[in-house]
There are 2 protein chains.
Amino acid sequence: MSSRPDVTMAQRKRRLVSNELSEAALQLLALKGFDAVTIDEIAATAGVSKRTFFRYFASKEDVVVQFLADMGAGMRAALASRPLGEQPSVALRHTVRDPMAACADHSERALRVVQLILRTAALRARFLEHQDRWRDDLAAELAQRLGLDPDTDLYPQLAAGMALTAFDAVLRRWSGSDGADDPAELTDRAFAAIAPALDAVGPSNP
Amino acid sequence: MSSRPDVTMAQRKRRLVSNELSEAALQLLALKGFDAVTIDEIAATAGVSKRTFFRYFASKEDVVVQFLADMGAGMRAALASRPLGEQPSVALRHTVRDPMAACADHSERALRVVQLILRTAALRARFLEHQDRWRDDLAAELAQRLGLDPDTDLYPQLAAGMALTAFDAVLRRWSGSDGADDPAELTDRAFAAIAPALDAVGPSNP
DNA sequence: CCGTGCATGGCACTCGGTGTCAAGAGGTAA
DNA sequence: TTACCTCTTGACACCGAGTGCCATGCACGG
């Protein structure tokens, strides 16, 4: 019954509390609605104090949204790992599809989280903030890979924005179908629609 | 010194208080930063109580963001007023450009507001919420005008999202250039980049 | 002149979020 | 074993956003 020997007891305990907290939060929030649950309630359910809750999560929204927050890093990594000469539409399609598929894999939990986020205004707002940062990241990565100056050329911002628009549409469909639709196929269809703009790479600076 | 005769005194007073409030808020927030200003402070500067502030604005962010909130209705109206047979890229270009130009007209105030929003996380989040609603509105309008079913076809959501991506890029540039760049010209450049996707109208449902 | 309606201010209250501090648990060295 | 150190925690006080409630006052219509 040994886990990693080089993992200290304190670290394991931290993970345990963190899981306890997000589990309690997810259950309560999905059950009663976002506004009807207080942080004291979540903390009490997890067996800790409110103060401790804020030592693990920065806000009430965070405990839900953090679950999807890794996708930003995943996207940037996916884009960075694509071969340099690849068409933008193909590279960006994988940028979105790979993390999306990874998320949909443990779909038991992911689906519930996504549905909760999309249906709750406060959570959706936080999620949009994340996407906003992802867009800047992707735009920077794109500009670098294409040798464009992000300060004069609109393309990186636009292409990143289009990719995330596709991502958002896919997420909505997937959530709306209760996970029945295939995320990878949805992504392909969305990118088929936006590809003509992504691959028309004529620089748009004056 | 008569204003509109059919406008009651109470209504005029309401407008006056509202202007006083948003003026005070804008000045204080731009000066000291969003978090460093309390609502009591804003209300006191405007000569009313905190309770009254919340009778005019739903939140601290609202007093700033509401300034741009009309653009949503403006966009939908602009789109609805375009001739039915028009190419989507042209119709959507006007959808974005017209309200944008109207906003940039009283640029003294608009520029300050936009810069404040884009540089403040909380305000930007609220603004993204608005854009999110605008996207749904535009998608609905687009679906109707093109005779597409928004539940099966991805195009309306994607096209609306692309248009707003362009809008956001334009807004950033305009703000970043301190109003030097021409919003209309920026909009044209952005739409030149995304037009190939907007006009490739092949329905994308299975 | 008198009711009616509306805007306001004041107050108490809830809740999200933060700073501070003292106490406990575990790990380490003498 | 004892002394020490670090990390985590709970408790408490505190701030600010936002809301419900009620009494007051001012404009308007009769």
Side-chain angles (χ1 to χ4, degrees), chain A residues 2-22 24-26 28-29 32-66 120-127 129, chain B residues 1-22 24-26 28-29 32-66 120-126 129:
Chain A
S2 68
S3 50
R4 289 271 165 272
D6 56 341
V7 173
T8 167
M9 165 107 180
Q11 286 173 307
R12 267 191 297 151
K13 194 171 176 186
R14 264 194 84 80
R15 258 181 208 285
L16 191 124
V17 173
S18 177
N19 288 340
E20 208 81 29
L21 236 23
S22 56
L26 223 64
L28 287 174
L29 294 178
K32 305 174 59 177
F34 188 79
D35 293 323
V37 180
T38 71
I39 291 188
D40 284 287
E41 210 173 336
I42 298 173
T45 304
V48 297
S49 71
K50 164 187 152 189
R51 196 63 190 82
T52 293
F53 175 94
F54 285 106
R55 291 196 176 97
Y56 286 83
F57 300 98
S59 70
K60 192 176 168 186
E61 293 92 3
D62 241 41
V63 70
V64 181
V65 171
Q66 206 183 68
T120 307
L123 293 174
R124 177 139 187 94
R126 290 277 183 165
F127 185 49
E129 279 189 79
Chain B
M1 53 180 66
S2 68
S3 49
R4 289 272 166 270
D6 56 340
V7 173
T8 168
M9 165 105 181
Q11 288 172 307
R12 266 190 298 149
K13 194 171 175 186
R14 264 194 83 79
R15 257 182 211 283
L16 192 125
V17 173
S18 177
N19 287 342
E20 208 81 28
L21 236 23
S22 55
L26 223 64
L28 287 175
L29 294 177
K32 304 172 59 177
F34 187 79
D35 293 324
V37 179
T38 72
I39 292 188
D40 285 285
E41 210 173 336
I42 297 174
T45 304
V48 297
S49 72
K50 164 187 153 187
R51 196 63 190 83
T52 293
F53 175 93
F54 284 107
R55 291 195 175 96
Y56 285 83
F57 301 98
S59 70
K60 191 176 167 186
E61 293 91 7
D62 241 42
V63 71
V64 181
V65 171
Q66 207 184 66
T120 308
L123 293 174
R124 176 138 189 95
R126 290 277 182 166
E129 280 190 79

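The model shown is predicted, which means the values in this text are computed figures rather than measured ones. Within every chain, numbering begins at 1; the chains are lettered A, B, ... in the order of the sequence lines, protein sequences first and strands thereafter.
When the local axes at the two ends of the helix from C/dC1-D/dG30 to C/dA30-D/dT1 are compared, using 5 base pairs at each end, they differ in direction by 0° after rounding to 10°.
The stretch residues 14-21 of chain B comes close to DNA chain C through B/R14, B/V17, each having a heavy atom under 4.0 Å from the strand.
B/R126 meets the salt bridge (Lys or Arg N to Asp or Glu O under 4.0 Å) test with B/E61; sequence neighbours excluded. In this structure A/F57 satisfies the ring pair (Phe, Tyr, Trp, His ring centres under 6.0 Å) test together with A/F53, sequence neighbours excluded.
For the pair A/Y56 and C/dG17, the criterion of a side-chain N or O lying under 4.0 Å from OP1 or OP2 is not met. For B/T52 and C/dG9, the shortest distance from a side-chain N or O to OP1 or OP2 is below 4.0 Å.
A/R12 has its side chain out of reach of A/L16: every pair of non-hydrogen atoms, C-beta onward, lies at least 4.5 Å apart.
Heavy atoms only, all atoms of each residue included: B/F54 and B/S59 are closest at CE2-CA, 4.2 Å. Here the closest heavy-atom approach between residue A/L21 and residue A/V63 is recorded as O-CG2, 4.3 Å. Taking both residues in full, the closest heavy atoms of A/L28 and A/V37 are given as O-CG2, 3.6 Å, listed atom of the first, atom of the second, then distance.
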Can you give each donor-acceptor pair under 3.5 Å made by side-chain atoms of residues 42-50 of chain A, sequence neighbours left out, with the distance rounded to 0.1 Å?
from, atom 1, to, atom 2, distance (Å)
A/T45, OG1, A/E41, O, 2.8
A/S49, OG, A/T52, N, 3.3
A/S49, OG, A/T52, OG1, 3.3

Enumerate the protein-to-nucleotides 15-25 of chain D contacts in which both atoms are nitrogen or oxygen and the separation is below 3.5 Å.
from, atom 1, to, atom 2, distance (Å)
D/dA17, OP1, B/K60, NZ, 3.1
D/dA17, OP2, B/I39, N, 3.2
D/dG18, OP2, B/K60, N, 2.9
D/dG18, N7, B/K50, NZ, 3.2
D/dG18, O6, B/K50, NZ, 2.9
D/dG20, N7, B/R51, NE, 3.4
D/dG20, N7, B/R51, NH2, 3.0
D/dG20, O6, B/R51, NE, 2.6

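In this structure, A/Q11 places its CD atom 11 Å from C1' of D/dC7, rounding to the nearest Å.
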